[in-house]
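Let me begin by presenting the structure, written as structure tokens, before commenting on it.
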Amino acid sequence: MKTFSITAALAAALAASTASAVQAEQVFNRIASFAVADNLPEGADRKAATSAEIITASEDGKTLIYSDSPGKRIGFIDITDAKAPKAGGIVSFDGEPTSVAVAGTKALVAVNTRESFTKPSGLVAVVDFATKKIDATCDLGGQPDSVAINKDKTLAAIAIENERDEEVNDGEIPQMPAGDLVILSLKDGVADCASIKHVALTGLADVAGEDPEPEFVAFNGKDEIALTLQENNHIVIIDGKSASVKTHFSAGTVDLKGIDTKRDGAMSFDSEQAGRKREPDAVKWLDDNRLVVANEGDYEGGARGFTIFDTTGKVLFESGAGFEHAIAAIGHYPDKRSSAKGVEPEGLEAARFGDDNLFFVLSERASIVGVYKDTGAEPELLQLLPSGVSPEGGVAIPSRDLFATANEVDLVEDGGARAHVMIYERAEGDAAYPQIRSSEKDGLPIGFGALSGLAAVEDKPGFLRAVNDSVFASRPTIFTIDASQKPAVIIEALPITRDGVPAQKLDIEGIANDGEGGFWLASEGNSDKLYSHAIFHVNKKGEIKEEIALPEALRANEIRYGFEGIATVGEGDDQVLWMAVQREWKDDEKGFVKLVSYNPATKEWGGVRYPLDKSEDGWVGLSEISVHGSYAYIIERDNLIGEAAGLKKLYRVSLADLKPAAFGGELPVVKKEEVRDLIPELKALNGYVVDKVEGFTVDAAGNGYVVTDNDGVDDSSGETLFFSIGAIDAM
């Protein structure tokens with residue numbers, strides 16, 4: 001067995017990220033995103049939750065078909081022009097579609113119609129592409145999950161899961177009735193219901209052998225079926241023609257090292273888990289003798305990576321923590337899942353593109369797809385692709401050099417991103433994502449996420465500093481970024497400390513240089529969580545030397561949307577700090593927020609009023625303030641995502657106009673000038689427009705840089721966008 005080393009995983013990912021077009025590298029880049037809510041029929045409630053879970057494609061590669069379980073439907077997307085996908089309609093069912101596969105001009109849809117966990121039922125429906133009608137149905141005798149079709153389209157295999165009720169006996173198995181596997185014959189894509197064969201799976205697994213819970217199926221070229229029993233931590237190989245079990249074996253365990261096992265607001269890849277059950281979800285054949293599984297876990301395990309087996313159960317390759325480390329190095333690690341299953345690899349796809357045998361590993365919680373080259377030995381990580389929120393299924397279309405993902409989570413109730421299908425094309429060129437990554441320290445990635453304020457490194461063009469916000473409140477950090485590289489590289493992480501230990505209860509949203517090698521930091525308060533609205537003075541070692549609380553005149557009217565940036569004007573005793581308040585406080589006229597000043601030498605506070613743009617939906621506020629030349633540059637944004645996003649702009653205010661007045665009286669109103677609409681850059685990677693444009697600064701060479709906050713990948717796609725907008729006129 002070979003184990004994927006941390007160094008190899010990261011080195012491969014970084015090499016792929018920095019591939020040069022001169023080398024004529026073939027890379028995947030996202031070319032389109034399709035919100036599945038756009039497929040709803042006229043009159044449907046567009047605010048109802050949608051989903052895209054399992055996805056497949058027509059044989060000509062011009063139509064995508066996905067399952068939408070909450071909506072009890074499947075959807076069709078016309079990708080004749082893959083860069084401009086169009087709604088192709090839906091087909092509804094009296095049950096929840098769990099999976100879909102294609103044979104000829106027909107789609108086979110597994111539908112869960114169960115009455116309860118103890119009375120499972122389901123059917124397979126044959127849907128005609130042209131008419132969008134159900135031609136036939138076959139009763140399956142249980143609750144189906146995955147469906148797969150063999151190479152010559154003559155057989156279908158359906159995993160009958162009969163899933164457990166996690167509310168009963170703390171979700172412990174066994175919970176009857178037991179699941180099994182259904183095999184049926186196909187002719188011209190139509191299922192022959194009379195040919196159904198049930199393959200019993202009881203008595204095979206060491207874990208709850210009387211209650212097998214099949215999860216995922218896949219055919220190889222010899223009509224052999226690989227089937228995962230996820231909760232049972234078992235894999236079964238079945239002869240599709242005779243419907244008999246050929247062999248079976250335990251998925252085994254992994255000794256994980258260099259992982260984060262605590263949900264504590266800090267990324268620390270220094271823990272271990274011995275004997276972690278793999279509990280695989282998806283399975284795909286790499287050839288007729290090797291299969292790869294995604295070790296999501298669901299019951300007692302989850303090994304955070306993937307494993308390659310032969311048909312006897314011999315482990316040929318184990319990724320260990322390598323996949324997770326590569327994800328952490330691009331800012332997609334979900335710390336809130338550390339105590340559970342980490343990045344949760346769930347979906348898989350495998351296909352040959354040109355001369356390369358590739359497989360794709362989908363991380364549900366990190367919202368990332370790892371693209372691997374199958375070398376026959378240790379696989380090579382080529383790329384990490386940004387997906388929507390929680391990719392569940394993927395489909396490769398090699399004939400068109402396309403790959404697509406189905407992303408199941410719909411955050412419409414929270415005003416967040418909708419469920420999406422995202423489309424990628426393989427072509428010569430550079431990988432557009434990631435735009436920022438981290439280097440290693442002691443053989444482990446520098447974990448980062450939720451980047452907020454930016455500041456320039458004095459006298460070093462292309463070098464910046466960033467801070468993380470309250471998502472990582474247990475380890476607030478100042479990051480140093482080398483933006484001269486592509487992608488930009490985080491080369492150093494400086495912990496912010498108090499009395500020798502990481503400072504707690506900070507929500508750092510802004511950073512500025514103090515002119516003496518140290519920093520001024522702005523913390524956005526939240527009284528409900530005991531986060532204080534404050535300014536912190538930190539030395540070059542990251543040690544907090546001074547905490548400056550707000551004056552009573554400000555504090556009396558606070559809400560939690562406080563300081564979102566900090567900048568300095570002047571030097572020495574003449575230095576004045578300016579902070580941008582995100583939203584209107586209790587004493588603010590609607591449509592106006594404060595820019596707050598503080599003079600460290602005199603301890604005087606003051607402020608001006610800043611006029612906000614208006615938005616018909618959501619709210620509008622400030623996210624950053626940065627000084628360059630004769631101006632203060634300010635990010636103003638709404639809190640909207642995707643097509644609803646309308647305001648993500650950079651403005652500037654003349655420093656001559658920043659004449660603060662004392663609180664308690666009338667504050668002067670400043671005039672603002674639009675510098676740049678940032679939405680085109682936010683659309684450049686062909687995903688949906690993110691809401692949190694959080695950081696801006698101008699480097700020592702006069703070039704402007706922007707960064708977005710990915711919320712630590714909590715209910716987010718996890719994407720951190722980092723880009724330059726070029727030279728900034730300082731006059």
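Note: hydrogens, waters and symmetry copies are ignored here, and every other heavy atom, side chains too, is used.
A pairwise comparison of heavy atoms in Ile259 and Glu324 identifies CG2-OE1, 4.0 Å as the closest pair. Between Ala727 and Asn703 the shortest heavy-atom distance is N-OD1, 3.3 Å. For the residue pair Ile446 and Lys441, the shortest heavy atom distance occurs at CG1-CB, 4.3 Å. Scanning both residues, Ser367 and Ser390, for their nearest heavy atoms gives OG-N, 3.0 Å. Residues Ser523 and Phe563 come closest through the heavy atom pair O-CB, 4.3 Å. When all heavy atoms of Tyr705 and Ala483 are compared, the pair lying nearest together is CE2-CB, 3.7 Å.
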- Query: Can Lys341 and Glu364 be said to form a salt bridge (Lys or Arg N to Asp or Glu O under 4.0 Å), step by step?
  - Reply: CA-CA 10 Å; Lys341 296 169 284 185; Glu364 177 184 7; over 6 Å; no
- Working for side-chain contact (heavy atoms from CB on, under 4.5 Å), residues Leu550 and Glu558: CA-CA 10 Å; Leu550 270 61; Glu558 69 156 288; 5.7 Å; no
- Query: Passes side-chain contact (heavy atoms from CB on, under 4.5 Å), Asp699 versus Leu464? Steps please.
  - Reply: CA-CA 7 Å; Asp699 77 347; Leu464 315 172; 3.8 Å; yes
- Please walk me through it: do Phe323 and Arg304 pass side-chain contact (heavy atoms from CB on, under 4.5 Å)? CA-CA 8 Å; Phe323 181 48; Arg304 304 180 180 228; over 6 Å; no
- Task: Take Ile478 and Ile508 through the side-chain contact (heavy atoms from CB on, under 4.5 Å) test and state the conclusion after the steps.
- Result: CA-CA 10 Å; Ile478 298 171; Ile508 304 301; over 6 Å; no
- Query: Can Arg263 and Asp335 be said to form a salt bridge (Lys or Arg N to Asp or Glu O under 4.0 Å), step by step?
  - Reply: CA-CA 6 Å; Arg263 175 182 172 173; Asp335 180 70; over 6 Å; no
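Pro600 is not listed as a side-chain neighbour of His537, based on a closest heavy-atom distance of 4.5 Å or more. In this structure, Leu554 and Val581 have side chains that are not in contact, with every pair of non-hydrogen atoms separated by 4.5 Å or more. With a 4.5 Å cut-off on side-chain heavy atoms, Phe519 and Thr568 do not count as touching. In this structure the side chain of Pro611 reaches within 4.5 angstrom of the side chain of Val670, judged on heavy atoms. By the 4.5 Å heavy-atom criterion applied to side chains, Arg465 and Leu454 are not counted as neighbours. Residues Asp714 and Val471 have side chains not in contact (no heavy-atom distance under 4.5 Å, counting atoms from C-beta outward). Taking the side chain as every heavy atom from C-beta outward, Ile566 and Phe536 never approach each other to under 4.5 Å.
Listed for the Asp709 side chain is no donor-acceptor partner under 3.5 Å among the backbone atoms of Ser452. Remark: side-chain polar atoms of Trp578 are not paired, donor with acceptor, to backbone N or O of Gly565 under 3.5 angstrom. Formation of a donor-acceptor pair under 3.5 Å by the Ser363 side chain with backbone atoms of Ile368 is not found in this model. Judged by distance alone, the side chain of Asp260 and the main-chain N or O of Ser338 form no donor-acceptor pair under 3.5 Å. Under the 3.5 Å distance criterion, the side-chain polar atoms of Asp469 are left unmatched by any main-chain donor or acceptor of Phe472. Within the 3.5 Å criterion, the main-chain N or O of Tyr688 finds no donor-acceptor partner in the side chain of His420. The closest donor-acceptor contact from the side chain of Thr708 to the backbone of Val693 lies at 3.5 Å or more, if one exists at all. Remark: the backbone N or O of Phe722 is paired with a side-chain donor or acceptor of Gln435 at under 3.5 angstrom. With hydrogens and angles disregarded, no donor-acceptor distance shorter than 3.5 Å links the side chain of Asp430 to the backbone of Ala432. Counting only distance, with no hydrogens or angles, the side chain of Asn710 and the backbone of Gly718 share a donor-acceptor pair below 3.5 Å.
More than 12 non-hydrogen atoms from other residues, nucleotides or ligands lie less than 6.0 angstrom from CD of Gln504. For Arg555, the CZ atom counts as densely surrounded, since its 6.0 Å shell holds more than 12 non-hydrogen atoms of other residues, nucleotides or ligands.
Here Arg637 pairs with Glu694 in a salt bridge; the nearest charged N to carboxylate O distance falls below 4.0 Å. One finds a salt bridge joining Lys603 and Glu546 here, because a Lys/Arg side-chain nitrogen approaches an Asp/Glu carboxylate oxygen to under 4.0 Å. Salt bridge present: Arg30 and Glu719 bring a charged side-chain N and a carboxylate O closer than 4.0 Å. In summary, Asp711 and Lys336 do not engage in a salt bridge, as defined by a charged side-chain N under 4.0 Å from a carboxylate O.
Just one of Asn468, Thr477, Ile436 meets the side chain to side chain contact (heavy atoms under 4.5 Å, CB included) condition when paired with Phe448; it is Ile436.
Sorted by first and then second residue, the side chain to side chain donor-acceptor pair (under 3.5 Å) pairs involving residues 662-682 (not counting sequence neighbours) are Arg609-Glu666, Asp613-Lys672, Glu636-Lys672, Lys649-Glu674, Arg652-Glu673, Arg676-Glu681.
Taking the six-membered ring where tryptophan is involved, the planes of Trp605 and Tyr598 are tilted, since the angle between them lies from 30° to 60°. Classified by interplanar angle (parallel below 30°, tilted 30° to 60°, perpendicular above 60°), the ring pair Tyr633/His628 is tilted.
The closest side-chain donor-acceptor pair between Ser615 and Asp617, if any, does not fall under 3.5 angstrom. Using modelled atom types and a 3.5 Å distance limit, the side chains of Asn407 and Ser387 yield a donor-acceptor pair.
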Show which side-chain atoms of residues 409-418 pair as donor or acceptor with protein atoms under 3.5 Å away, not counting sequence neighbours.
| unit_1 | atom_1 | unit_2 | atom_2 | d |
| --- | --- | --- | --- | --- |
| Asp410 | OD1 | Val412 | N | 2.9 |
| Asp410 | OD1 | Arg418 | NE | 2.9 |
| Asp410 | OD2 | Thr50 | N | 3.0 |
| Asp410 | OD2 | Thr50 | OG1 | 2.6 |
| Asp410 | OD2 | Arg418 | NE | 3.0 |
| Asp410 | OD2 | Arg418 | NH2 | 3.1 |
| Arg418 | NH1 | Arg46 | O | 2.7 |
| Arg418 | NH2 | Arg46 | O | 3.2 |
| Arg418 | NH2 | Ala48 | O | 2.9 |

